[in-house]
Amino acid sequence: MFYETSRNDHGLAHDPIKSCVVPRPIGWISTLSASGIVNLAPYSFFNLVATNPSIDMYASCGRTDHGHKDTITNIAQTGEFVVNMATWDQRVAMLASSASLPPEVDEFAHAGLAALPSRLVKPPRVSGAPVQLECQHYQTLELPHDDPNGRNALVLGRVVGVHIDDRVIENGRIDLTKACPIARLGYMDYARIDTIFSMRSPGRSA
């Protein structure tokens, strides 16, 4: 089949585009508002996009009933955020934190999560997440949106600190089968990463 995205004439029961780029890692992002209110939300348009320095990105799509999403608002106000690895063990809490809640609601409390202090930034980390990336805002790029009332924005952050649970490190490497991260697929579907295979790139010795 083929369809033009401008027409969205795929003829299927559900839009397939998000199932065409999978799996997508989940950036479980914690922030603080200017007044000190904690926010936590998962974003599946997320990835690490550069090293030396390490830069990650996430895309904020759409709006909430009260305007811009809290995560992008908080980052604009404070310039800081933390990316927490979403895992199989915390999947229910991750989903709970995705609820559209008023800005004054603490999603950590809403999802039943404990917060840990960060070292270099003010937003807290998710207790139990095996990896947490402390980030400083680098740049926000406004992207096109077909709805004049919508918003697509790409947020870039510089990773300034990395926390890794010692329990998922083995032989000098992160053992992701122990961490068991989850990834977003299309529709309401997710994947858990517990099977890993290796292939050596041509010309690479290790």
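For the atom pair CD (Glu107) and CG (Asp70), the distance works out to 6.5 Å, reported to the nearest 0.5 Å. The CG atom of Asp165 sits 11.0 Å away from the CE atom of Met85 when rounded to the nearest 0.5 Å. To the nearest 0.5 Å, the span separating CG on Leu141 from CG on Leu154 amounts to 5.0 Å. Taken to the nearest 0.5 Å, the CG atom of Leu101 stands 5.0 Å off from the NE2 atom of His110. Annotation: the span from Thr195 atom OG1 to Ile193 atom CD1 amounts to 10.0 Å, rounded to 0.5 Å. Cys135 SG to Ile29 CD1: the interatomic distance, rounded to the nearest 0.5 Å, is 8.0 Å.
A distance-only check finds a donor-acceptor pair linking the side chain of Gln132 to the backbone of Val126 [under 3.5 Å]. Side-chain atoms of Asp175 do not come within 3.5 Å of backbone N or O of Glu170 as any donor-acceptor pair. Of the possible donor and acceptor atoms, none in the side chain of Arg151 sits under 3.5 Å from a partner among the backbone N and O of His68. With hydrogens and angles ignored, the 3.5 Å screen pairs a side-chain donor or acceptor of Lys69 with a backbone N or O of Cys61. Between the side chain of Arg125 and the backbone N or O of Gly128, no donor-acceptor pair lies under 3.5 Å. A donor-acceptor pair is defined here as one N or O able to donate and one able to accept, closer than 3.5 Å; such a pair exists between the side chain of Gln77 and the backbone of Ala34. Between the side chain of Ser118 and the main chain of Lys122, no donor-acceptor pair closer than 3.5 Å is present. Without hydrogens or angle criteria, Asn84 side chain to Trp28 main chain gives a donor-acceptor distance under 3.5 Å.
Val92 and Leu113 sit in two unconnected hydrophobic clusters of ILVMFWY residues. Membership requires side-chain heavy atoms under 4.5 Å apart, directly or through other members. Both Val131 and Tyr43 are assigned to one and the same hydrophobic cluster, defined by single-linkage of ILVMFWY side chains at heavy-atom distances under 4.5 Å. One hydrophobic cluster holds both Ile26 and Phe108 under the rule that ILVMFWY side chains link at heavy-atom gaps under 4.5 Å. Cluster membership for Leu40 and Ile75, using ILVMFWY side-chain heavy atoms within less than 4.5 angstrom, is not shared. Neither Val82 nor Val38 shares a network with the other; the hydrophobic side chains, linked directly or stepwise wherever heavy atoms of I, L, V, M, F, W or Y lie under 4.5 Å apart, form separate groups for each.
One finds no salt bridge joining Arg119 and Glu134 here, because no Lys/Arg side-chain nitrogen approaches an Asp/Glu carboxylate oxygen to under 4.0 Å.
A donor-acceptor pair shorter than 3.5 Å can be found between the side chains of Asn39 and Thr71.
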All N/O donor-acceptor pairs, side-chain side in residues 45-60, below 3.5 Å, sequence neighbours left out:
| residue | atom | partner | partner atom | Å |
| --- | --- | --- | --- | --- |
| Tyr58 | OH | Ile72 | N | 3.4 |

Show every donor-acceptor pair shorter than 3.5 Å between a side-chain atom in residues 5-19 and any protein atom, with sequence neighbours excluded, or say none if there are none.
| residue | atom | partner | partner atom | Å |
| --- | --- | --- | --- | --- |
| Asp9 | OD1 | Glu4 | N | 3.3 |
| His10 | ND1 | Leu12 | N | 3.0 |
| Asp15 | OD1 | Ile17 | N | 3.2 |

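Within 6.0 Å of CE in Met199 there are 12 or fewer heavy atoms belonging to other residues, nucleotides or ligands. Heavy atoms from other residues, nucleotides or ligands lying under 6.0 Å from CZ of Arg158 number 12 at most. The number of heavy atoms from other shown groups lying within 6.0 Å of OH (Tyr190) is above 12.
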Could you check Ile37 against Leu32 for side-chain contact (heavy atoms from CB on, under 4.5 Å), going step by step and ending with a plain yes or no? CA-CA 5 Å; Ile37 299 173; Leu32 277 179; over 6 Å; no
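Closest of all the heavy-atom pairs between Ala153 and Glu142 is CB-OE1, 3.9 Å.
By the 4.5 Å heavy-atom criterion applied to side chains, Leu156 and Thr140 are not counted as neighbours.
For Arg192, the side-chain contact (heavy atoms from CB on, under 4.5 Å) criterion is met by Trp88, Cys180, Ile182, Asp194, not counting sequence neighbours.
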